[in-house]
Amino acid sequence: MTGRRNTTRVVRTRWIAALAALAVGALGLTGCSTPGSASDPAAVTYMTWESIPTNAAFDKTMAEFTKESGIRVERSDSPNADYAQKLASLMIARKAPDFFWCTTAEAQNLADEGLLHDWTSKLRAGDGLQESSFSPGALASWTTPKGRIAGIPTLANTYGFFYDADTFRKDGIPVPAPGWTWDDLFSAMEKLKAADPGTTPLVTQWPLLDSPQGVSAYSVANGGKPFVDDFVHATSVATDATFDAGAERFRDAIARGEMTNPDYDATNAPAAFSNGAIPLMFAGQFVQQFIAPNKPKFDWGYAPWPVGTTEDVQPIETNGICSPSTLQHPDATWKAISYLESTGFNDAMRAVPVAPIAYMPGTEGYYAGLTAAGDPASTSIAATAKYELAAKDKFITAFLDPWATNATDIVTTQWNPMLSGHGSVEQGVADTADGIRRLMG
């Protein structure tokens with residue numbers, strides 16, 4: 001964050017804002033049709049986009065919940081690739097399950113159309129889950145403009161740097177670790193390039209590090225402004241000299257061949273890292289599942305985002321659980337959701353350690369499953385995940401407002417060419433900011 005991603009990515013990138021519009025129209029047509037959320041009052045239904053092994057782990061833990069609570073839980077089958085289509089059809093027919101996996105974008109879109117159950121009172125009552133036990137910043141992107149909780153955050157991605165520790169030591173460069181700085185990162189790239197001019201030391205497997213969000217993190221960490229004024233429901237864009245300086249550092253590193261450009265095809269990057277061809281790779285923790293089976297013949301690990309001169313700013317990105325506004329059994333459903341968050345994910349991620357979750361008491365199973373083998377690499381991944389989730393100051397990894405899809409076009413046509421050396425940094429940043437301002441209206 002398991003998930004509709006490239007087999008391991010937690011957050012689905014496909015927006016289904018159209019689902020909300022379709023569902024609104026269909027609700028008017030279906031009138032008083034009976035919601036099919038459960039086959040009897042004691043049953044709670046749910047739907048995920050998970051893989052077969054992960055779903056099996058959830059089935060096992062929810063069977064334990066049924067034994068303890070007497071509330072029967074039924075999981076609806078949903079092929080990973082067709083999840084969005086199935087959810088749309090169920091919403092249209094008013095037969096959505098009692099709770100289902102959703103992204104922040106889906107939650108905000110559906111809540112805006114009045115199609116989601118509001119969990120605010122349950123969460124804030126502290127009945128089953130404690131609001132204060134979520135990772136700092138996790139609930140922000142699940143809160144509507146009216147202050148309602150559209151969904152409960154679950155699986156959380158962390159993003160950082162997989163490193164070849166042997167290469168770092170051979171070249172006399174400090175190995176990345178929690179607390180390393182932005183200067184340390186750029187210095188490491190420069191020294192790795194000098195030691196082996198034929199390589200590109202840093203490969204960005206995920207398009208975040210040098211994106212507007214990534215440069216925004218650099219800016220805030222070094223005393224500058226964030227690019228947008230809110231995680232979601234953003235109303236303004238701002239840049240300053242510190243933001244421009246961050247963009248220029250990335251552009252210069254790309255020009256010197258110290259890191260890949262934003263259009264780089266990183267499909268084979270995990271394999272190349274596993275074979276020792278890449279000393280530093282920016283990616284999400286989920287890429288560990290591609291690296292570990294290859295059994296790299298070198299000492300490797302995973303480090304968090306660098307800290308700045310004034311702040312330590314780390315990413316926040318979560319999936320979550322949503323319920324339809326037609327929900328018939330809110331009390332039983334909330335008990336099932338609470339169990340899943342506090343116990344179910346511990347059990348499931350211990351068996352299939354894909355990602356931590358934003359509810360801190362429910363993520364120990366992931367850490368235990370990840371570190372069961374006792375190898376230093378897995379230990380460093382767990383440590384980095386804990387570090388990033390615990391950080392007080394967070395930044396979003398993607399635009400979450402309804403205009404986000406169009407913003408991608410602006411980044412592609414204005415921001416990325418600037419990073420690749422076309423035009424000035426100042427003009428590229430200004431054009432990107434102006435374009436997104438226009439989208440905001």
Side-chain angles (χ1 to χ4, degrees), residues 1-13 49-51 53-54 80-81 155-168 175-177 185 188-189 192-193 196 198-211 214 253-254 257-306 315 317 319 349 352-356 366-367 369-373 375-385 388 397-398:
M1 112 175 41
T2 171
R4 287 188 68 241
R5 38 183 160 67
N6 295 330
T7 70
T8 54
R9 189 186 175 203
V10 174
V11 172
R12 298 187 305 115
T13 57
W49 55 54
E50 303 298 341
S51 65
T54 306
N80 183 287
L155 290 163
N157 267 340
T158 58
Y159 289 97
F161 299 81
F162 288 96
Y163 56 83
D164 178 343
D166 289 351
T167 296
F168 272 76
V175 175
L185 169 61
M189 285 192 281
L192 288 166
K193 182 68 174 180
D196 189 353
T199 67
T200 301
L202 172 61
V203 170
T204 53
Q205 188 273 341
W206 200 254
L208 170 62
L209 180 62
D210 55 4
S211 70
I254 291 169
E258 296 169 1
M259 65 179 288
T260 53
N261 65 50
D263 297 317
Y264 174 78
D265 181 359
T267 303
N268 298 319
F273 177 84
S274 301
N275 293 330
I278 297 173
L280 193 62
M281 179 176 67
F282 177 79
Q285 91 292 326
F286 46 84
V287 175
Q288 178 264 349
Q289 295 178 94
F290 293 117
I291 299 172
N294 292 327
K295 301 185 183 303
K297 296 179 174 59
F298 53 87
D299 184 13
W300 61 285
Y302 186 60
W305 279 71
E317 179 182 279
N319 282 325
M349 292 299 108
V352 188
V354 176
Y366 166 74
Y367 299 135
L370 187 64
T371 59
D375 62 285
S378 294
T379 299
S380 74
I381 294 168
T384 290
E388 290 195 4
T397 61

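Note: hydrogens, waters and symmetry copies are ignored here, and every other heavy atom, side chains too, is used. Just so you know, residue 1 is the first one in the sequence shown, and it goes up from there.
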Any side-chain heavy atom of [X] within less than 4.5 Å of one from [Y]?
X	Y	value
M259	T204	yes
M281	I291	yes
L370	I381	yes
E258	L202	no

Verify, without hydrogens or angle tests, whether [X] (side chain) and [Y] (backbone) share a donor-acceptor contact under 3.5 angstrom.
X	Y	result
N275	A277	no
Q285	G160	no
N261	Y264	yes
D166	D299	yes
S274	P270	yes
N294	F290	yes
Y367	T379	no
S378	D375	no

### Task
Only counting residues at least two apart or in another chain, list the ones meeting side-chain hydrogen bond (donor to acceptor under 3.5 Å, both in side chains) with T384.
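Applying side-chain hydrogen bond (donor to acceptor under 3.5 Å, both in side chains) to T384 gives none.
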### Query
Sequence neighbours excluded, which residues qualify as side-chain hydrogen bond (donor to acceptor under 3.5 Å, both in side chains) partners of T200?
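With neighbours one apart ignored, the set is empty.
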### Task
Quick one: closest heavy-atom pair of A303 and Y163, and the distance?
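Heavy atoms of A303 and Y163 come nearest at N-CE2, 3.8 Å.
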### Query
CD/Q205 to OH/Y159 distance, rounded to the nearest 0.5 angstrom?
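With rounding to 0.5 Å, CD (Q205) is 9.0 Å from OH (Y159).
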### Message
Would you call the rings of F162 and W300 parallel, tilted or perpendicular, taking 30° and 60° as the class edges?
### Response
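Correct class here is tilted.
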### Query
Taking the six-membered ring for Trp, are the ring centroids of F273 and F298 within less than 6.0 Å of each other?
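Ring centroids of F273 and F298 are less than 6.0 Å from each other.
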